[in-house]
Chemist: 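First, the structure itself, so that you have it in front of you.
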Amino acid sequence: MSKTSQQNTTTDASGVSVIHTQAHSSGLQQVPQLVPVSPGGGGKAVPPSKQGKKNSFVDRNSDEYRQRRERNNMAVKKSRLKSKQKAQDTLQRVNQLKEENERLEAKIKLLTKELSVLKDLFLEHAHNFADNVQPVGTETTTTNPENNGQ
């Protein structure tokens, strides 16, 4: 038996090089490998296991198949529970924030009223103070008329 192999490299439109390897007289099927053209890579290389899996016959009665299905079913249940829990947590957080927002808005209204009352008191006091205080140097001397005749 001869073990010679041949490689062909082609580049597709996305900039990925495809290496095709063919083994002569080995009887084995070769899977193409994807390799990025440049090290920084323009596109992602797809591993051979993800390249258009052929739907080969799966024995649904095998232990391996049953174990994979059980693991997958458990993973799906876990994922759905986690998603449901996250949605519940988010809803609870939204409700907490709404309540806090309502409390803060009520506090703003109360403080605004208090500010208005204090501002009015201040202005009233300032107005009364301005009426009672005379500028310096403009004081008038008043004489008591009763003392003038004596």
Chemist: When rounded to the nearest 0.5 angstrom, what distance separates CZ in Arg60 from OG in Ser62?
Modeler: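 OG of Ser62 is found 10.5 Å from CZ of Arg60.
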Chemist: Using side-chain contact (heavy atoms from CB on, under 4.5 Å) as the criterion, list what pairs up with Arg68, not counting sequence neighbours.
Modeler: Val58, Glu64, Tyr65, Arg71
Chemist: Compile the donor-acceptor pairs under 3.5 Å between side chains in residues 101-127 and protein atoms, sequence neighbours left out, one pair per line.
Modeler:
from   : atom 1 : to     : atom 2 : distance (Å)
Thr112 : OG1    : Ile108 : O      : 2.6
His127 : NE2    : Asp131 : OD2    : 3.4

Chemist: Between side-chain atoms of residues 83-97 and protein atoms elsewhere (two or more places apart, or another chain), which donor-acceptor pairs fall under 3.5 Å?
Modeler:
from  : atom 1 : to    : atom 2 : distance (Å)
Gln85 : NE2    : Asp89 : OD1    : 2.8
Thr90 : OG1    : Lys86 : O      : 2.8
Asn95 : ND2    : Leu91 : O      : 3.4

